[in-house]
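A short worksheet on the structure shown next.
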Amino acid sequence: MRRHPGRGEARGEDPRRGQAGRTVTPGVRVPSTRSADLGRRIGVGLMYGLWNPRVLGAWKVPVGGPVIFAVNHSHNIDGPMLMGTAPRPVHFLIKKEAFTGPLGPFLERIGQLKVDRSIADRSAITRALGVLEQGGALGIFPEGTRGEGDFASLRAGLAYFAVRSGAAIVPVAVLGSTERRSRLIRAVPPLRSRVDLVFGDPFQAGDGSGRRTRTALDEATVRIQEHLTTHLENARRLTGR
């Protein structure tokens, strides 16, 4: 079930959302939910126009407050597919290599976050935390890069954002995006084919102590991986994929 913003929210009057380009930390510009909502509207048209998404469990996503979507990643359309089907606008952390040519300004216009994966990108980290601080939804591929999409190996970034912000994590399984290739465009699934997106129950990564030590983050990563792998197994049983 989709949630449509109220009149005040559409004008950006919710203080958790902030205005377009709100500065949460001095010198760092944080994209507003309004910009991500533009990306969501574009994503709805493209994803439902080109493919046949089946969305399960979207009602589990908290309707307000900071949330992190933790998404498995096996195909390039996984991120856009979530953006077009999630019940809330999503700001994704996207590798800087994708911000080339005209695509770069477009991604920034729709509220996506550029990250340099080769370093500890403090600007990207601060902007992502700013999104959560203003009550937005952050999208993360916890495996760090495209692979088998099985959550077998997680980077520490997801645990850091979840523990630091206190945001709930919502596991998302994208299934079917790699089963077949289109005959027309080999890089994407066949047009009008079904792709399943299964949203899981939100959970907290921390242990409630408020600790942010390396040990606490390592323990949080273990808890996160257990939740994500269990959700993926359940999603596969539910969808038969």
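- Listed for the His231 side chain is a donor-acceptor partner under 3.5 Å among the backbone atoms of Val198.
- Arg223 is listed as a side-chain neighbour of Asp207, based on a closest heavy-atom distance under 4.5 Å.
- Using a distance-only test at 3.5 Å, with no hydrogens or angles considered, no donor-acceptor pair links the side chain of His73 to the main chain of Phe141.
- Asp196 places no side-chain N or O within 3.5 Å of a backbone atom of Thr239 that could act as its donor or acceptor partner.
- Residues Asn72 and Asp78 are not in side-chain contact: their nearest non-hydrogen atoms beyond the backbone lie 4.5 Å or more apart.
- Here the closest non-hydrogen pair linking Asp201 and Pro171 is O-CD, 3.4 Å.
- Under a 3.5 Å cut-off, the side chain of Arg127 and the backbone N or O of Arg29 do form a donor-acceptor pair.
- Taking CD1 of Ile68 as the reference point, atom CD1 of Ile224 lies at 8.0 Å (rounded to 0.5 Å).
- Atoms CZ and CD, from Arg214 and Glu219 in turn, are 12.0 Å apart once rounded to the nearest 0.5 Å.
- Atom CG of residue Leu107 and atom OG of residue Ser35 lie 11.5 Å apart, to the nearest 0.5 angstrom.
- Residues meeting the side-chain contact (heavy atoms from CB on, under 4.5 Å) test with Thr230, sequence neighbours left out: Asn234.
- Cluster membership for Leu232 and Val222, using ILVMFWY side-chain heavy atoms within less than 4.5 angstrom, is not shared.
- Minimum heavy-atom separation, Ala162 to Ile169: CB-CD1, 3.7 Å.
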Candidate pair Ser118 and Asp116, rule side chain to side chain donor-acceptor pair (under 3.5 Å), full reasoning: CA-CA 6 Å; Ser118 66; Asp116 186 344; 2.6 Å; yes
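- Not less than 6.0 angstrom separates the ring centroid of Phe69 from the ring centroid of Phe92.
- Other residues, nucleotides and ligands contribute only 12 or fewer heavy atoms inside 6.0 Å of the NZ atom of Lys96.
- Contact record, Pro142 with Leu228: CG-CD1, 3.9 Å, taken as the closest heavy-atom pair.
- Gln112 places a side-chain N or O within donor-acceptor distance of the main-chain N or O of Ile110, the cut-off being under 3.5 Å.
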Under the criterion side chain to side chain contact (heavy atoms under 4.5 Å, CB included), I'd like the reasoning laid out for Met83 against Arg41: C-alpha separation, chi angles, the key distance, then a yes or no. CA-CA 9 Å; Met83 290 172 60; Arg41 285 183 275 125; over 6 Å; no
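- Other residues, nucleotides and ligands place more than 12 heavy atoms under 6.0 Å from the CZ atom of Arg54.
- One N or O on the side chain of Arg40 and one on the backbone of Ala86 form a donor-acceptor pair closer than 3.5 Å.
- Neither Leu238 nor Val61 shares a network with the other; the hydrophobic side chains, linked directly or stepwise wherever heavy atoms of I, L, V, M, F, W or Y lie under 4.5 Å apart, form separate groups for each.
- Using a 30° and 60° split on the angle between ring planes, His227 and Phe203 fall in the parallel class, below 30°.
- Proximity of a side-chain donor or acceptor of Ser165 to a complementary backbone N or O of Phe161 within less than 3.5 Å is detected.
- For the atom pair Thr221 OG1 and Glu226 CD, the distance stands at 11.0 Å (nearest 0.5 Å).
- Not a single ring pair (Phe, Tyr, Trp, His ring centres under 6.0 Å) links Tyr160 to another residue, sequence neighbours left out.
- Criterion: ILVMFWY side-chain heavy atoms under 4.5 Å apart, direct or through other members. Under it, Leu82 and Ile94 are part of a common hydrophobic cluster.
- Nearest heavy-atom pair across Leu113 and Leu138 is CD1-CD1, 3.8 Å.
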Determine, step by step, whether Arg212 and Leu217 satisfy the side chain to side chain contact (heavy atoms under 4.5 Å, CB included) criterion, reporting the C-alpha distance in whole Å, the side-chain angles of both residues, the deciding distance to 0.1 Å, and the verdict. CA-CA 6 Å; Arg212 299 177 183 175; Leu217 292 179; 5.6 Å; no
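- Annotation for Gly84 and Val44: closest pair O-CG2, 3.2 Å, computed over non-hydrogen atoms.
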Assess whether side chain to side chain contact (heavy atoms under 4.5 Å, CB included) is satisfied between Arg192 and Leu50, documenting all intermediate values. CA-CA 6 Å; Arg192 304 307 305 159; Leu50 297 176; 5.9 Å; no
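- Of all the heavy atoms in Met81 and Pro53, the pair that sits closest is SD-CG, 3.7 Å.
- One N or O on the side chain of Arg88 and one on the backbone of Pro62 form a donor-acceptor pair closer than 3.5 Å.
- When the side chains of ILVMFWY residues are joined at heavy-atom separations under 4.5 Å, either directly or via intervening members, Leu56 and Ile77 end up in two distinct hydrophobic clusters.
- Listed for the Ser193 side chain is no donor-acceptor partner under 3.5 Å among the backbone atoms of Pro189.
- Taken to the nearest 0.5 Å, the CG atom of Asn52 stands 12.0 Å off from the CG atom of Leu191.
- With sequence neighbours excluded, the residues forming a side-chain contact (heavy atoms from CB on, under 4.5 Å) with Glu108 are Phe99, Lys114, listed by chain and number.
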Test Ser209 against Arg211 for side chain to side chain donor-acceptor pair (under 3.5 Å), laying out the working first. CA-CA 5 Å; Ser209 67; Arg211 294 180 303 133; 3.1 Å; yes
